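Here the structure comes first, spelled out in structure tokens, and everything after it is commentary.
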Amino acid sequence: MFFYRLKKELYSKLGTRIEVTTDNNFIEGMLITVTSEYIGLEVNDGYGSGDVIYVRLREINQVWDQSFV
């Protein structure tokens, strides 16, 4: 039930900037993909086009929506 609600909420945030934490990482980027197993974030390192990082939903500890900041 939790992952269904998480996916639904993340799907509503497609195209916005979010911050995601896992046990080992802090990732900030634009949410571009939400599937049943993972999300895709486009991150920009400041040197050109962004890379896409995929994070498994089960590894996510916290998500922050940066559109309110």
Side-chain angles (χ1 to χ4, degrees):
M1 183 68 163
F2 171 75
F3 290 106
Y4 172 76
R5 295 174 91 188
L6 177 62
K7 287 185 287 187
K8 186 176 177 181
E9 183 64 28
L10 287 170
Y11 192 74
S12 73
K13 301 292 183 188
L14 279 173
T16 62
R17 296 195 58 79
I18 62 171
E19 297 175 353
V20 175
T21 60
T22 65
D23 287 342
N24 302 318
N25 293 310
F26 173 81
I27 305 161
E28 179 181 347
M30 182 169 301
L31 182 62
I32 59 170
T33 304
V34 178
T35 69
S36 61
E37 295 292 322
Y38 64 88
I39 63 170
L41 295 168
E42 182 178 4
V43 296
N44 188 350
D45 59 3
Y47 294 106
S49 64
D51 294 325
V52 178
I53 295 178
Y54 296 98
V55 180
R56 288 182 49 92
L57 288 174
R58 296 196 180 273
E59 295 177 1
I60 295 174
N61 293 333
Q62 294 180 339
V63 177
W64 290 277
D65 182 359
Q66 290 186 327
S67 64
F68 295 113
V69 178

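Given the structure is predicted, the values throughout are model-derived calculations rather than measurements.
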* To do: Measure the spacing between CZ of R56 and OG1 of T35 and express it to the nearest 0.5 Å.
  => 9.5 Å

* Structure fact -> By side-chain contact (heavy atoms from CB on, under 4.5 Å), L57 pairs with (sequence neighbours left out) F3, L6, K7, L10, I39, I60

* Structure fact -> side chain to side chain contact (heavy atoms under 4.5 Å, CB included) test vs L31 passes for just one of I18, D65, V20, namely I18

* Residues two or more places apart in sequence or in another chain: which of them pass salt bridge (charged side-chain N to carboxylate O under 4.0 Å, His left out) with E28? -> R17

* **Pairing residues for D23 by the side chain to side chain donor-acceptor pair (under 3.5 Å) criterion, not counting sequence neighbours** => N61

* Under the side chain to side chain donor-acceptor pair (under 3.5 Å) test, residues paired with E59 that sit two or more places apart -> none

* Residues that, via side-chain heavy atoms closer than 4.5 angstrom, fall in one hydrophobic cluster with I32 -> M30, Y38, V52, Y54

* Distance, nearest 0.5 Å, that separates OG1 of T33 from CG of L14 -> 7.5 Å

* **Residues that, via side-chain heavy atoms closer than 4.5 angstrom, fall in one hydrophobic cluster with F26** => W64

